[in-house]
Amino acid sequence: MSDEYMEFEEEDFTSQVNKSTIWRIARLGLKHWPLMVGFLVFITSVSSIESWHTYLSKQIIDLGIVAQDVAALRHYTLLYLATWPVFVLFVFGFIYCAGVLGHQVQYDLRRAMFNHLQNLSLSYYDKTPTGWLMSRVTSDVTRVGDLVSWGFLDMTWTLTSIVTSLVFMFIINWQMTLIVILLIPVLYKVAVEFKKYILVEYRQVRKVNSKITAAASENISGVRVVKSLRREEKNLTQFQELTEEMYKSGYKAAWLSALFLPAVQLVSTAGVALVVWYSGAQFSAGSMTAGSIHAFVSYITFMLWPIQQLAAVYASMQQAVASGERIFSLLDIEAEIVDAADAVDPGTIRGDITFDHVDFQYETGKPVLANFNLTIPQGETVALVGPTGAGKSTIVNLICRFYEPTKGTIRFNGRDYRTMTQHAIQSRIGMVLQTPHLFSGTVLENLRYGRLGATDEEVVTAAKMAGAHNFIIDQDEGYETQVGEGGVLLSTGQKQLISLARAILADPDIFIMDEATSSVDTLTEALIQQGMETLMSGRTSFIIAHRLSTIKNADRIMVIENGGVSEMGSHAELIRQRGHYYNLYTKQFREEMEHRLEEELDERETATAD
């Protein structure tokens with residue numbers, strides 16, 4: 001496990017809630033306005049009915065019980081009971097609307113984020129930890145969805161409860177209602193002051209959570225390396241540092257949240273006590289009835305209870321706002337490579353490929369290619385060799401338009417490739433990488449990833465051409481064999497053969513092999529070589545290889561050094577030049593011969609011992 005997740009720093013936010021973030025979160029719900037309208041109608045109706053029930057209880061006490069009027073008691077009691085089925089129906093309605101709205105917002109956000117992540121340039125993923133992204137797509141989205149649904153429910157419930165309660169309280173006694181109204185600014189001030197500190201801590205919690213997710217993801221995916229190098233103790237120490245930092249921020253936020261609710265309750269209790277004392281004086285003077293006092297206290301409790309509940313969930317609301325800031329910060333990132341407004345799909349990218357005075361750098365002031373010029377005729381097979389970091393992979397990444405030249409132009413068949421859409425280019429390039437990647441699913445599904453509309457017969461044909469068919473049918477379930485996450489249930493050579501078959505099935509205009517045979521055995525290498533010859537026939541191909549025996553038949557071999565081509569020619573021509581390629585090849589040839597001799601000696605010694 002590297003220290004990248006320890007060093008990676010995300011954007012910082014201010015200590016105040018960003019109003020634009022609140023508005024953007026609100027717009028997520030407004031997209032589904034029928035659900036929001038239904039929710040508002042139901043929640044308003046529920047609050048109104050609850051307030052009406054309290055008023056009916058006043059009438060029951062004053063006009064029925066105190067007045068000893070059985071007819072009035074029966075009338076108001078039946079009226080009270082008659083509204084309960086409607087009340088229950090409306091409760092079901094607002095809970096249903098809130099639940100559906102929350103899941104709909106989560107669906108919209110995850111879809112938008114997934115689509116956005118696919119459209120971001122490759123350079124973004126070079127510098128962003130996977131776990132950092134995963135925490136936004138999972139936990140952050142869930143929190144925002146809960147805010148739009150249940151958070152909105154709590155806020156709406158509070159507002160409607162206050163409004164409906166105040167209306168009926170004014171009907172009963174407007175002087176006492178004014179006393180209650182004075183409590184609302186005090187409660188608001190308490191909420192605002194606590195909000196500032198709670199939000200800061202929960203922002204820190206979410207920030208550290210991204211690092212924890214990244215660390216866990218990296219440790220799990222690299223578990224073989226961790227165990228082989230005995231990094232468990234060091235990784236645990238680093239992980240403990242992160243969890244301790246999150247614990248401290250979480251503890252502070254929890255402490256403030258715990259203090260928030262008692263503070264609200266203290267203000268509420270003081271207000272209720274004041275109202276009860278005043279109403280007692282009013283009762284003694286004959287201006288308040290027993291039913292009115294009961295209803296008034298009930299309204300106060302009915303109004304203040306949602307505020308107290310809002311205080312209880314306020315901390316989670318702050319987390320959701322912090323999550324919203326993180327989500328929108330990701331969605332606002334613009335791809336470094338964007339199609340021009342008039343970009344087109346030419347239908348093919350076959351033809352000569354030209355690098356015209358191309359400069360490229362990953363970091364400012366650190367050029368990888370400088371004034372690079374090269375022309376590759378249609379159908380030529382080009383091999384790129386050279387030291388690590390010389391720019392071999394950069395050349396093919398530029399061809400794929402994963403990156404674009406800092407200066408200069410790359411042309412396909414005489415046309416600047418920036419006038420073409422990225423999809424037009426990348427969908428017509430087949431690439432087999434040094435570390436093959438398979439997706440969870442069956443062998444058949446992974447092969448068909450090269451061309452989703454391919455028939456089973458076409459898939460099998462591609463597998464045969466790549467030399468993968470025999471090992472596939474030897475599996476218990478053949479083409480329906482599960483490969484596991486990342487292809488973990490298959491060997492590296494088997495995954496490489498499937499990757500090659502996938503590229504053959506795609507029938508690309510340009511084919512790229514990036515160190516595809518460096519991690520496989522000799523037999524698998526021979527199968528890959530055979531499949532490569534089939535795939536490269538008639539199409540422009542690029543081979544990056546350290547194992548030089550695999551590129552002897554290339555039309556042109558280029559030695560890439562110091563941002564340019566230092567040697568170029570066929571295998572025979574470069575051997576005759578006795579330059580850098582000659583030294584590389586003869587060194588590898590000597591090492592391979594020594595290895596073979598050692599194996600033969602070992603076999604003879606074993607045979608003699610037997």
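Residue indices begin at 1 and follow the sequence shown.
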Go through R428 and D345 one step at a time and tell me if the salt bridge (charged side-chain N to carboxylate O under 4.0 Å, His left out) criterion holds. CA-CA 11 Å; R428 293 182 172 89; D345 184 344; 3.0 Å; yes
Is it the case that over 12 heavy atoms from other parts of the model lie below 6.0 angstrom from the [atom1] atom of [X]?
| X | atom1 | result |
| --- | --- | --- |
| R27 | CZ | yes |
| Q118 | CD | yes |
| N562 | CG | no |

Could you tell me which residues satisfy side-chain contact (heavy atoms from CB on, under 4.5 Å) with A340, sequence neighbours excluded, listed by chain and number?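 Listed in chain order: D342, A343.
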Measure the acute angle between the ring planes of Y479 and H469, then classify it against the limits of 30° and 60° as parallel, tilted or perpendicular.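 Ring orientation, 0 to 90° scale: tilted.
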In terms of the angle between their ring planes, are Y585 and Y581 parallel, tilted or perpendicular, with boundaries placed at 30° and 60°?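 Because their plane-to-plane angle is under 30°, the rings of Y585 and Y581 count as parallel.
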Proximity of Y449 and F439 rings by center, below 6.0 Å: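 Under 6.0 Å, so yes.
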Looking only at heavy atoms, which two atoms of [X] and [Y] are closest? And how far apart?
| X | Y | value |
| --- | --- | --- |
| G379 | T540 | N-OG1, 3.0 Å |
| S570 | I557 | C-CD1, 4.4 Å |
| Q378 | D352 | N-OD1, 2.9 Å |
| P346 | M420 | CG-SD, 3.8 Å |
| L505 | R451 | O-NE, 3.0 Å |

List the steps and the verdict of salt bridge (charged side-chain N to carboxylate O under 4.0 Å, His left out) for D507 and R539. CA-CA 10 Å; D507 191 24; R539 57 172 50 87; 2.5 Å; yes
Please confirm whether the backbone N or O of [Y] pairs with a side-chain atom of [X], one donor and one acceptor, at under 3.5 Å?
| X | Y | answer |
| --- | --- | --- |
| R110 | T138 | yes |
| H116 | I333 | yes |
| S121 | E336 | yes |

I need the D474 CG to Q494 CD distance, nearest 0.5 Å.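 Answer for the CG-CD pair, D474 versus Q494, is 9.5 Å.
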Given the rule in the ring pair (Phe, Tyr, Trp, His ring centres under 6.0 Å) test, do F372 and F360 qualify, once you have shown the distances and angles that lead to the verdict? CA-CA 9 Å; F372 186 78; F360 180 78; over 10 Å; no
